[in-house]
Engineer: 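Quick one: this structure, given as C-alpha cells, is what I'll be asking you about.
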Amino acid sequence: MSSSTKLTIPSPCMQSWQAMTPDQQDRFCAQCQKTVVDFTTMTDAQVLTRIEQTGGPGCGRFRSDQLNRPLVEPSSRQVSRWQWVSLLLSGWLSSQAAQAQSVTDKRVGGTFIPALTRSVITQVKPTDAQPRPLLIEGRVIDNQTRKPLANATIVIRNTPYSATTDSAGAFRLELPDYSPDSTVWAVASLIGYSTIQYKVEVGRPQLFAISEDINLISESISVGGYVVQKPTRRQRIRNWFKH
C-alpha cells in the first residue's frame with residue numbers, strides 16, 4: 001500500500017556519479033564531502049527502511065520513477081478492509097462446501113460413510129517434440145560492479161511472458177508452451193541500463209549482466225540532496241480509511 005512518503009531533489013547535483021569515489025555499495029562525493037547512497041537498485045520498501053535508518057534528509061542517487069510520488073510499503077504490514085472481507089467470504093464458502101459434502105454422505109447404522117469419487121488419470125508419455133512448461137530463473141547484475149539489480153524486467157521474446165527482479169536481483173517465470181527443439185531468447189532491461197538480449201540456457205540458472213548506458217543516465221537518473229516529505233497525522237488517518 002502507499003505510504004504517502006515522497007522524495008524530492010530540489011537542487012540536483014552536477015557532479016558525475018562515475019567521478020565519485022566508490023564507498024562499499026555507495027559513493028563519496030569530494031565536492032560536498034558526503035556519502036551518496038545509491039537507491040537506484042532498491043525497492044520502495046528498501047528505500048523507506050534506509051531513510052528510517054539515516055533519520056532524515058541526505059544525498060542519494062535515484063531513478064526518475066522513485067521521485068515525486070508516494071513510496072509503496074510492503075503489503076504484509078497492514079491488511080485492508082477488503083482483505084478482511086475476502087477472508088470472511090472465504091471462510092463462509094468453506095463452511096458451505098462442508099455442508100454440501102455432508103448431504104452426499106450416507107448413513108450405515110450409526111456410522112457416516114463419506115461419498116467417494118473415483119477419477120481415472122490417464123498418463124500420456126510426452127515425446128521430445130511435444131510442448132511442455134519451461135521454468136526460467138536466474139539473476140540480473142550490474143556488469144561493472146557485479147551488484148544485483150532490483151526492478152529489472154525480463155521478457156521472453158515474441159511472447160507475453162515476463163518477470164521483474166526482486167531486491168536480490170532474482171527472477172523466476174514459467175514458459176508454459178516451450179518446444180524442446182526451439183531457442184528461447186530473453187530480453188533484460190532496466191532504466192538507465194542498455195537493453196540486452198540473451199539466449200536462455202535450458203536447465204541452468206541464468207545470469208544476465210547489463211551495463212549502464214551513459215546516454216540514458218543523464219535523462220533517467222537524479223543525484224543530489226533529497227528531501228523526505230511525510231504525511232501529517234491527519235493525512236495518515238485519512239489514508240488509513242481509504243484502504
Engineer: Just by modelled atom types, is the Asp181 backbone N or O under 3.5 Å from a matching donor or acceptor in the Ser179 side chain?
Structural biologist: no

Engineer: In terms of ring plane angle, is the pair Phe171 and Phe208 parallel, tilted or perpendicular, where the classes change at 30° and 60°?
Structural biologist: parallel

Engineer: Give me the atom names and distance for the closest heavy-atom approach of Asn151 to Thr164.
Structural biologist: CA-CG2, 3.6 Å

Engineer: With rounding to the nearest 0.5 Å, note down the distance linking CZ in Arg157 to OG in Ser162.
Structural biologist: 16.0 Å

Engineer: Taking all heavy atoms of Ala186 and all of Ile156, pick out the closest pair and write down the distance.
Structural biologist: CB-CD1, 4.1 Å

Engineer: Roughly how far, to the nearest 0.5 Å, is the OG atom of Ser182 from the CG atom of Asp177?
Structural biologist: 9.0 Å

Engineer: Just so I know, are the side chains of Leu135 and Arg172 near enough to count as touching, which here means a heavy-atom distance under 4.5 Å?
Structural biologist: yes

Engineer: State, yes or no, whether a side-chain contact exists between Arg27 and Thr35 at a heavy-atom distance under 4.5 Å.
Structural biologist: no

Engineer: Going hydrophobic residue to hydrophobic residue with side-chain gaps under 4.5 angstrom, can you get from Leu173 over to Val155?
Structural biologist: no

Engineer: Just wondering, do Val140 and Tyr193 contact through their side chains at under 4.5 Å, heavy atoms?
Structural biologist: no

Engineer: Does a salt bridge link Asp38 with Arg61, judged by any charged N lying under 4.0 Å from a carboxylate O?
Structural biologist: yes

Engineer: So, for Ala168 and Pro148, which heavy atoms are closest and what is the spacing to 0.1 Å?
Structural biologist: O-CB, 3.2 Å

Engineer: Got Ile136 and Tyr178 here, is their nearest side-chain heavy-atom distance under 4.5 Å?
Structural biologist: no

Engineer: Run the side-chain contact (heavy atoms from CB on, under 4.5 Å) check on Ile210 and Asp142 step by step: do they pass?
Structural biologist: CA-CA 5 Å; Ile210 58 179; Asp142 185 293; over 6 Å; no

Engineer: For residues Ser189 and Thr195, report the shortest heavy-atom separation together with the two atoms involved.
Structural biologist: CB-OG1, 3.6 Å

Engineer: Is there side-chain contact between Trp185 and Val200, with at least one heavy-atom pair below 4.5 Å?
Structural biologist: no

Engineer: With rounding to the nearest 0.5 angstrom, report the CD to CG distance, Gln53 to Leu48.
Structural biologist: 11.0 Å

Engineer: Whether the side chain of Tyr198 engages the backbone of Ala209 through a donor-acceptor N/O pair (distance < 3.5 Å, no angle test) should be reported.
Structural biologist: yes

Engineer: So which heavy atom on Ala188 is nearest to which on Ile154, and how close?
Structural biologist: CB-CD1, 3.7 Å

Engineer: Between Thr5 and Leu71, is there a donor-acceptor pair closer than 3.5 Å when you use the side chain of the first and the backbone of the second?
Structural biologist: no

Engineer: Can you measure from CD (Glu137) to CZ (Arg204) and round to the nearest 0.5 angstrom?
Structural biologist: 14.5 Å

Engineer: Stepwise, does the side-chain contact (heavy atoms from CB on, under 4.5 Å) test hold for Leu67 with Thr8?
Structural biologist: CA-CA 6 Å; Leu67 300 172; Thr8 62; over 6 Å; no

Engineer: So Val187 and Ile196, do their side chains get closer than 4.5 Å, heavy atoms only?
Structural biologist: no

Engineer: Can you see which heavy atom on Arg139 is nearest to which on Ala170, and at what distance?
Structural biologist: CG-CA, 4.1 Å

Engineer: What's the verdict on side-chain contact (heavy atoms from CB on, under 4.5 Å) for Val36 and Gln15, showing C-alpha distance, side-chain angles and the deciding distance?
Structural biologist: CA-CA 11 Å; Val36 182; Gln15 287 295 106; over 6 Å; no

Engineer: Determine yes or no for a side-chain-to-main-chain donor-acceptor pair under 3.5 angstrom, with Thr165 supplying the side chain and Leu149 the backbone.
Structural biologist: yes

Engineer: Nearest 0.5 Å, please: how far is CD in Glu174 from CG in Leu134?
Structural biologist: 8.5 Å

Engineer: Mark yes when over 12 heavy atoms from residues, nucleotides or ligands other than Glu201 sit less than 6.0 Å from its CD; otherwise mark no.
Structural biologist: yes

Engineer: Quick one, Leu7 and Ile51 - any side-chain contact, counting heavy atoms below 4.5 Å?
Structural biologist: yes

Engineer: Checking Phe39 against Gln46 for the side-chain contact (heavy atoms from CB on, under 4.5 Å) test, could you report, in this order, the C-alpha distance in whole Å, the side-chain angles of both residues, the deciding distance, and whether it holds?
Structural biologist: CA-CA 9 Å; Phe39 290 97; Gln46 291 174 322; over 6 Å; no

Engineer: Looking at side-chain heavy atoms only, is the closest gap between Arg69 and Asp44 below 4.5 Å?
Structural biologist: yes

Engineer: Spell out, as yes or no, whether a donor-acceptor pair under 3.5 Å connects the side chain of Gln33 to the backbone of Gln31.
Structural biologist: no

